[in-house]
Amino acid sequence: MTKRRILVTAALPYANGHIHIGHLVEYLQTDIWVRFQKLRGNDCRYMCADDTHGTAIMIRARQENRSEEELIAEMQAAHERDFADFDIEFDNYGSTHSDENRALCAEIWQSIRDAGLVKEKDVEQLFDPEAGTFLADRFVRGTCPKCAATDQPGDNCSSCGTTYSTAELVDPKSTLSGATPEVRSAKHLFIELEQLHEFLNDWTQCGKHLQPEIANYLKGHFLGDPLRDWDISRPAPYFGFEIPDSPGNYWYVWFDAPIGYMASTKQWCDRQGEDFNDWWKSADCEVHHFIGKDITYFHTLFWPGMLKTAGYSLPTKVHIHGFLTVDGEKMSKSKGTFVNARTYLNHLDPNYLRYFYAAKLSSKVDDIDLSLDEFIVKVNTDLVGKVVNLASRSAKFVAKVGLSTEYPDDGGLFDEAASMADEIAQAYEECNYSKAMRLIMGLADRANPYVEENKPWELRKDDEQAQRLQDVCTVALNLFRQIAIYLSPVLLKLAQQAGELLNDPITHWDQAKTPLLGTPVNKFKHMLKRVEEKDVQKMIEESKEAGEAASAAGDVAIEDRWNDSGEALTAEPLAEECTYDDFIKVDLRVARIVSAEHIAEARKLLKLQLSLGGGKTMQVFAGIKAAYEPEKLVGRLVICVANLAPRKMKFGLSEGMVVASGPGGSEVFLLSPDDGAVPGQRVH
RNA sequence: GGUCCGGUAGCUCAGUUGGUUAGAGCAGGGGACUCAUAAUCCCUUGGUCGGGGGUUCGAGUCCCUCCCGGACUACCA
């Protein structure tokens, strides 16, 4: 087989936060793939870097009163430690804030200019006069222009869900300084992606570069219409690279981040004496990107467009994975399931997570779930009970004599496992690790009965059976070694231990084809501890404490025996102060729901008739369908906004709103007055 | 509402181009063994393959339709 040259990247972690177990899905998925390729003898290189630019980094550095460089250096060191401790091994780990990246950005930019893809447009954006900076959407909060909810983010309303531009916000405030931002016009540079539409259509739809569901998604959501211009610049001040031919403007972080893949490769090439063009401008070299589904659009439209225009290799494949849930839910700081890599390492062996993720990952974009109970059971039964057990139950019987010099008759077990090498390899190659793990565990399931049937513990009692004993253990240890080879992309430590035990290092996939014979066998050393439930709990507890500390930071906690989580407050911080006059503008009334009905076509809305008493009624559409059965609402009292300007909705006129708390969906909680209140009473 | 992906044993899933009585691991029940990290081995309970139609000699597998779950995406006062 010819040796493939393969360049692999994982998405660059942002320098604004620590690595957590959600990130690790990707870095482990990629690391396993790279280790597999290397084990097969391919010339495969794993490149990554910290993503360091953007407003968020600039702001944080300011808040911490230090330079951006200091901040990103510290974060990068932390990232690299976390990765290394999870046995994630990069051939080069760089930074987007590097000379190599700056040079490559300039070169690619020039190509894009030369191709006539760049145009200038004025953009109105909010500017913070006190902080002296333009504000990205998330640094502005204000009143929703549609529903008048206060303290809403700059790009969409968390109350009514409307999306809008920051310039449309009513009474906007900068979250940096609290100042009222001014609308300022600034020149921005855009890439006219539409000029590459036909190319992108072909590239995304040809069936080779993307998973089918992703190709479909792009076709449905983007490629059906003209592609929008991509706003690629940000005016100063901005932490990043200034655009050489446009002083005062900086490349938007999403321009220079993927180029960071190349810059990291460049560093490696310079160090190794390799030719950069062999990796990025060669038809003989495959380029594989591993990313999460959240950044699909940058990697499947902009990035191929940039590479194409600049004359570099296009990605051979973009492998896209889903998100991690823990016990079926989004990771949650208050539940302690938002676990940082370091917190995990404080309590558990990284190999557990490597194996568990491998057992769960497929080539689909589906989210994967880390069920903590399943995690414990799976790791213990598969790795300890089935795999390691094979070695630990047979090694000591041959510690003195070593392995037999001829491979004994094992009923075809070894050959059978050897013949599965291609099928297992294929599963790894396709990123279908769950299938690979299933096949490998099947081998362990066949190996243990062999030991059982041949009873080495009885053979050792009879000196005349010494040869037979050695043979049986030779078989068991060779079956164990085969499994360790197949698992070595996932569990390199186990492969190392197997190599040490049998005095023959595992370095190549094909070692699984030939039994190991005649080598000495070392004293068996414990290979993998069982997962203890209490350690998992301690990890969750530590994460929970960290989450609580973060949300309580800045607030003086008074004694609170209910110990309510700070999550709700964090999700939706307090609005700015208002006056009594402001408050009384809103006429809140007690109302009785006199009818409530489903609207078949509406997913979130119920149609309500509210009575304020005396025959006065109002029709209200409320987004509570997922939380309440209409028949259970009829008759109850609620609080409504009675003087809200009526609004025409898809299903009719809504004349007010009922007030409720909660994040939305099925988590909506209507307010009720205490007993005694009657419809029509005003809330003061 | 649109697009896409799923719905197979209590749980996690496998079921190749439609082809014998639908499988595995785990969990549950019973037994055995003691070399091994209370690991292992044997036996065993358990499924109208989401529902209903259709195509076919034959459907978990193909077609239609409905129901349910998830993801993305409108709208959601």
Side-chain angles (χ1 to χ4, degrees), chain A residues 144 146-149 157 159-163 211-222 224 293-294 296-297 322-323 325 328 356 359-360 362 364-369 371 373-378 380-397 423 432 434-435 437-439 441-442 444-445 447-461 469 472-473 476 524 526-532 599-606 619-626 640-641 644-651 653-659 664-665:
Chain A
C144 172
K146 269 194 143 188
C147 75
C157 175
S159 171
C160 73
T162 312
T163 54
Q211 290 130 297
E213 58 263 52
I214 296 294
N216 249 325
Y217 159 80
L218 294 173
K219 193 173 167 186
H221 285 280
F222 299 102
K293 63 184 178 184
D294 52 329
T296 295
Y297 157 89
F323 296 145
T325 56
F356 188 81
K360 285 278 161 182
S362 74
K364 301 280 185 62
V365 190
D366 299 344
D367 291 351
I368 69 167
D369 185 48
S371 149
D373 291 340
E374 192 190 346
F375 172 79
I376 296 168
V377 170
K378 191 152 194 66
N380 285 344
T381 53
D382 288 0
L383 296 185
V384 179
K386 292 179 182 176
V387 177
V388 172
N389 187 234
L390 269 175
S392 80
R393 69 191 308 197
S394 53
K396 76 172 188 185
F397 297 133
E423 196 184 353
N432 196 350
S434 60
K435 181 176 181 184
M437 295 308 108
R438 207 165 50 240
L439 293 170
M441 284 312 136
D445 282 334
N448 273 306
Y450 172 87
V451 179
E452 201 74 19
E453 283 159 20
N454 289 283
K455 304 186 187 354
W457 54 95
E458 285 182 8
L459 297 175
R460 72 164 171 170
K461 292 175 186 161
L469 175 65
V472 167
C473 294
F524 179 79
H526 211 269
M527 290 178 170
L528 189 71
K529 217 182 84 182
R530 302 173 66 77
V531 186
E532 302 275 353
I599 307 166
E601 314 91 277
R603 214 180 87 197
K604 295 191 176 177
L605 295 179
L606 290 182
Q619 171 172 281
V620 169
F621 291 91
I624 57 173
K625 184 169 181 164
C640 74
V641 183
L644 191 65
R647 180 115 200 152
K648 191 173 178 326
M649 298 182 64
K650 186 169 171 186
F651 310 108
L653 192 69
S654 187
E655 300 171 303
M657 66 191 273
V658 295
V659 299

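Throughout, protein chains are lettered first and strands after them, A, B, ... in sequence-line order, and every chain is numbered starting at 1.
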Note to self: What I want to check is whether the side chains of A:Asp294 and A:Thr296 have a donor and an acceptor closer together than 3.5 Å.
What the structure shows: no
Starting at [atom1] of [X] and ending at [atom2] of [N], how long is that distance when rounded to a whole Å?
X: A:Ile368; N: B:G70; atom1: CD1; atom2: P; result: 19 Å
X: A:Glu532; N: B:A38; atom1: CD; atom2: P; result: 10 Å
X: A:Ile376; N: B:U12; atom1: CD1; atom2: P; result: 16 Å
X: A:Lys455; N: B:C35; atom1: NZ; atom2: P; result: 12 Å
X: A:Ile214; N: B:U73; atom1: CD1; atom2: P; result: 12 Å
X: A:Asp369; N: B:G70; atom1: CG; atom2: P; result: 13 Å
X: A:Lys219; N: B:C72; atom1: NZ; atom2: C1'; result: 17 Å
X: A:Asn432; N: B:C13; atom1: CG; atom2: P; result: 13 Å

Does [X] reach a base, just sugar-phosphate, or nothing at all? Heavy atoms under 4.0 Å.
X: A:Gly656; result: sugar-phosphate
X: A:Val388; result: base
X: A:Val377; result: sugar-phosphate
X: A:Lys435; result: nothing
X: A:Leu528; result: base
X: A:Lys360; result: sugar-phosphate
X: A:Phe524; result: nothing
X: A:Met441; result: nothing

Item checked: Residue whose nearest RNA chain B nucleotide is more 5′ - A:Glu213 or A:Tyr217 -> A:Glu213
Item checked: First of A:Lys378 and A:His526 reached from the 5' end of RNA chain B, by closest nucleotide -> A:Lys378
Margin query: To check you understand the geometry: which heavy-atom pair defines the closest contact between A:Val388 and A:Phe524, and what is its length?
Written below: CG1-CZ, 4.3 Å
Check: How close do A:Asn380 and A:Val531 get, heavy atom to heavy atom, and via which atoms?
Finding: OD1-N, 2.7 Å
Candidates [options] - which lies nearest the side chain of [X]:
X: A:Asp366; options: B:C35, B:C5, B:A39; answer: B:C5
X: A:Ser392; options: B:A27, B:C35, B:A36; answer: B:A36
X: A:Lys293; options: B:A36, B:C4, B:A71; answer: B:A71
X: A:His221; options: B:A27, B:G6, B:C72; answer: B:C72
X: A:Leu605; options: B:U12, B:C33, B:C76; answer: B:C76

Notebook entry, point to check: Would you write out the dot-bracket form of RNA chain B, 5' to 3', with Watson-Crick and G-U pairs under 3.5 Å, [ ] for crossing pairs, | for pairs to other strands and . for unpaired bases?
Noted result: (((((((..((((.....[...)))).(((((.......))))).....(((((..]....))))))))))))....
Checklist line | With sequence neighbours excluded, residues passing side chain to side chain contact (heavy atoms under 4.5 Å, CB included) with A:Lys219 | finding: A:Gln205
Notebook entry, point to check: Do the ring planes of A:Phe356 and A:Phe375 sit parallel (below 30°), tilted (30 to 60°) or perpendicular (above 60°)?
Noted result: perpendicular
Next item on the list: Would you kindly check whether a donor in the side chain of A:Asp367 faces an acceptor in the base of B:A71, or vice versa, at under 3.5 angstrom?
Entry: no
Checklist line | Rounded distance in Å between the P positions of B:G30 and B:G46 | finding: 16 Å
Check: If the C1' atom of B:U44 is compared with that of B:C26, how far apart are they to the nearest Å?
Finding: 16 Å
Margin query: For a quick test of reading the model: is some side-chain N or O of A:Lys396 closer than 4.0 Å to OP1 or OP2 of B:A36?
Written below: yes
Note to self: Strictly below 4.0 Å: does A:Arg438 bring a side-chain N or O up to OP1 or OP2 of B:A24?
What the structure shows: no
Next item on the list: Encode nucleotides 41-46 of chain B as B, S and - characters from 5' to 3', where the letter depends on protein heavy atoms closer than 4.0 Å: B to the base, S only to sugar-phosphate, - to neither.
Entry: SS----
Notebook entry, point to check: Pick one for B:A14: is it syn, with its angle within 90° of 0, or anti?
Noted result: anti
Next item on the list: Mind running salt bridge (charged side-chain N to carboxylate O under 4.0 Å, His left out) on A:Lys360 and A:Asp369 for me, showing each step along the way?
Entry: CA-CA 8 Å; A:Lys360 285 278 161 182; A:Asp369 185 48; over 6 Å; no
